[in-house]
Amino acid sequence: MIAITEYAGRDVAVYGLGRTGLAAARALKAGKAKVHAWDDNEASRAKAEAEGIPISDLNKRDWQSFAALVLSPGIPLTHPQPHRLVRLAEMTNVPVVGDMELFARAVQSLPERGRPKIIGITGTNGKSTTTALIGHILKECGLDVHVGGNIGTGVLDLPALSANGYYVLELSSYQLDLTKSLRCDVSVLLNMSPDHLDRHGGMDGYVAAKKRIFRNQGAGDTAIIGFDDKYAQAIAMSLAQGGEMRLARISSEFALGRGVSAIDGKLFDSLANNAVRVGDLADSATLPGRHNWQNAAAAYAACRALGLDPGRIFAAILTFPGLAHRMEQVGEIDGVRFVNDSKATNAQAAEQALRAYPRVYWIAGGQAKAGGIEPLMPLMDRVAKAYFVGEAADDFARTLDGKASHETCGTLDKAVARALEDAKASGEENPIILLSPACASFDQFKDFEARGDAFREAVETLGGDALRPVMRESA
């Protein structure tokens with residue numbers, strides 16, 4: 001745990017007692033702050049109280065006594081409208097901060113020679129995989145690495161700050177909105193496409209939130225930016241004109257004159273202008289497709305910025321075990337392969353999964369995002385048949401009428417069963433059943449992890465003793 005001593009002896013409100021809120025409350029309590037924690041959910045309050053976190057109804061408190069409101073990132077800060085407690089804090093001049101800001105200030109309070117390395121990763125898609133991949137590479141290279149933030153462990157639950165530590169942090173736009181003081185030694189912005197627009201008041205607000213990852217970088221720091229979409233390109237060009245940090249572009253589409261490219265899976269390092277082929281990402285079993293090549297290029301560039309040897313970096317990339325629910329190879333039944341990409345909660349993420357395979361039996365649906373699956377229509381030649389589930393099933397079926405074979409299944413277990421029947425009857429060699437929903441999960445599941453677990457369970461139930469791990473072809 002990283003104890004937060006900034007508010008020792010002072011009253012601090014903590015609102016939202018999920019993973020990050022609990023971590024913040026524990027860290028503040030360890031730093032001798034007087035914690036007043038609250039969550040509107042009774043079960044969340046009970047869990048916190050069982051851990052010894054002081055519970056206090058913030059709706060009934062005198063806010064003049066609070067030194068800060070620590071807000072969980074899931075709570076609206078500005079849009080669609082500020083949460084009622086945010087408005088209370090603003091009316092009483094109580095600063096509103098997040099867990100990442102507390103972490104940043106704790107780092108800032110250290111002498112420069114006692115400061116750990118901070119690697120921050122954000123983007124619309126791919127940030128969890130890239131964060132985990134960077135952490136894996138650094139660990140394989142023998143460094144003292146701690147991975148967390150928006151992935152896995154809350155940042156304040158990570159081990160205490162040390163001069164030799166490397167903190168690899170996934171940063172969501174919600175977290176960045178609550179962060180002013182974070183300075184990353186290496187920052188990564190993978191890509192940008194419209195997402196969470198209701199929480200940021202539109203695309204301009206979303207872009208502004210993501211740009212905060214570069215906010216405090218200076219000479220000696222490195223900014224790594226994807227160059228495959230117009231929003232990230234514009235940010236890269238603005239930083240090139242006015243930023244003090246080193247700038248490294250990465251791409252899985254373009255051969256860059258200066259940067260890191262992953263063209264058709266071939267990784268090229270041109271950070272020193274002359275392009276050097278590093279290796280072939282086709283040799284990785286867990287990073288298929290162009291989007292994962294971009295993730296690998298970003299991880300490689302980040303580790304190069306930290307001074308690691310190119311050969312050691314690439315060797316570590318090839319041993320990356322991958323992440324659950326992100327192009328996860330679940331197994332195969334009678335030669336039919338199952339891929340769990342439940343994390344694909346929007347059309348842009350599903351597009352990357354569809355592009356990774358020449359032909360799939362595609363399971364999609366849930367709570368649709370704006371635009372539905374219309375952006376995926378150019379890829380329907382890759383879809384042998386689609387199986388739709390959840391709230392979006394009927395709308396998605398209408399979108400696909402006349403464009404691709406499809407079936408409305410309603411539930412995930414039925415979709416898996418029907419897809420298996422069709423794939424086995426197709427006579428294709430190693431057909432692939434892909435769960436890449438292009439939707440949020442909340443109509444039928446608690447979150448995308450629960451949806452991915454349900455997919456895996458359905459496969460295991462159908463397969464029984466016939467279920468086998470996917471065997472990677474030799475390169």
Closer than 4.0 angstrom, basic N to acidic O: yes or no for [X] and [Y]?
X	Y	result
Arg26	Asp157	yes
Arg105	Glu6	yes
Arg304	Asp269	yes
Arg84	Asp40	yes

Does any part of the side chain of [Y], heavy atoms only, come nearer than 4.5 Å to the side chain of [X], both counted from C-beta?
X	Y	answer
Pro437	Arg451	yes
Ile235	Phe214	yes
Ile213	Leu176	yes
Val459	Leu467	yes

For Lys210 and Thr122: C-alpha separation, side-chain torsions, deciding distance, then whether side chain to side chain donor-acceptor pair (under 3.5 Å) applies.
CA-CA 7 Å; Lys210 292 294 191 185; Thr122 197; 2.8 Å; yes

Lys/Arg cation over aromatic Tyr166: Lys117, 6.0 Å, 45° cone:
no

Do you know the tightest heavy-atom contact between [X] and [Y]?
X	Y	result
Gln217	Ala223	OE1-CB, 3.7 Å
Ser251	Glu253	OG-N, 2.9 Å
Asn125	Leu190	O-CD1, 3.6 Å
Thr131	Val168	O-CG1, 3.6 Å
Ala209	Ser173	CB-O, 3.9 Å
Ile4	Ala106	CD1-CB, 4.1 Å

List the steps and the verdict of side chain to side chain donor-acceptor pair (under 3.5 Å) for Tyr174 and His200.
CA-CA 9 Å; Tyr174 299 169; His200 297 287; 5.8 Å; no

Working note: Met100 + Leu169, criterion side chain to side chain contact (heavy atoms under 4.5 Å, CB included); need CA distance, chi angles, decisive distance, verdict.
CA-CA 9 Å; Met100 200 61 65; Leu169 307 176; 3.8 Å; yes

Just by distance, no angles: are the side chains of [X] and [Y] close enough, under 3.5 Å, to form a donor-acceptor pair?
X	Y	value
Glu170	Ser128	yes
Gln294	Asn191	yes
Thr222	Arg246	yes
Asn59	Asp57	yes
Ser252	Asp228	yes
His79	Asp198	no
Glu101	Ser181	yes

To the nearest 0.5 angstrom, please state how far the [atom1] atom of [X] sits from the [atom2] atom of [Y].
X	Y	atom1	atom2	result
Phe227	Ile250	CZ	CD1	11.0 Å
Lys211	Leu239	NZ	CG	7.0 Å
Ser172	Asp177	OG	CG	8.5 Å
Leu281	Asp264	CG	CG	11.0 Å
Trp293	Lys266	CH2	NZ	7.5 Å
Arg326	Asp341	CZ	CG	9.0 Å

Answer yes or no: does atom CD of Glu244 have more than 12 heavy-atom neighbours from other residues, nucleotides or ligands under 6.0 Å?
no

Does atom CG of Asp62 have more than 12 heavy-atom neighbours from other groups under 6.0 Å away?
yes

Please confirm whether the backbone N or O of Ala438 pairs with a side-chain atom of Lys369, one donor and one acceptor, at under 3.5 Å?
no

I'd like to check the side-chain hydrogen bond (donor to acceptor under 3.5 Å, both in side chains) partners of Asp453; sequence neighbours left out, ordered by chain and number.
Arg456

Give the ring-plane orientation class for Tyr206 versus His196, where under 30° counts as parallel, over 60° as perpendicular and anything between as tilted.
perpendicular

When the ring centroid of His325 is compared with that of Phe455, is the distance short of 6.0 Å?
no

Between Tyr167 and Phe103, is the gap from one ring center to the other below 6.0 Å?
yes

May I have the step-by-step check of side chain to side chain contact (heavy atoms under 4.5 Å, CB included) for Tyr7 and Val35, ending in yes or no?
CA-CA 10 Å; Tyr7 296 103; Val35 174; over 6 Å; no

Could you pull out all donor-acceptor pairs under 3.5 Å where a side-chain atom in residues 137-144 meets a protein atom, sequence neighbours excluded?
from: Asp144; atom 1: OD1; to: His146; atom 2: NE2; distance (Å): 3.3

After noting the C-alpha distance and the side-chain angles of Ile118 and Arg183, does the key distance pass the side chain to side chain contact (heavy atoms under 4.5 Å, CB included) rule?
CA-CA 7 Å; Ile118 310 298; Arg183 175 194 145 205; over 6 Å; no

Run the side chain to side chain contact (heavy atoms under 4.5 Å, CB included) test on Ile433 and Val339 for me, step by step, so that the C-alpha distance in whole Å, both residues' side-chain angles and the decisive distance to 0.1 Å come before the verdict.
CA-CA 6 Å; Ile433 295 174; Val339 178; over 6 Å; no

My understanding is that only residues two or more places apart in sequence, or in another chain, count here; which of them pass side chain to side chain contact (heavy atoms under 4.5 Å, CB included) with Arg355?
Arg290, Glu351, Leu379

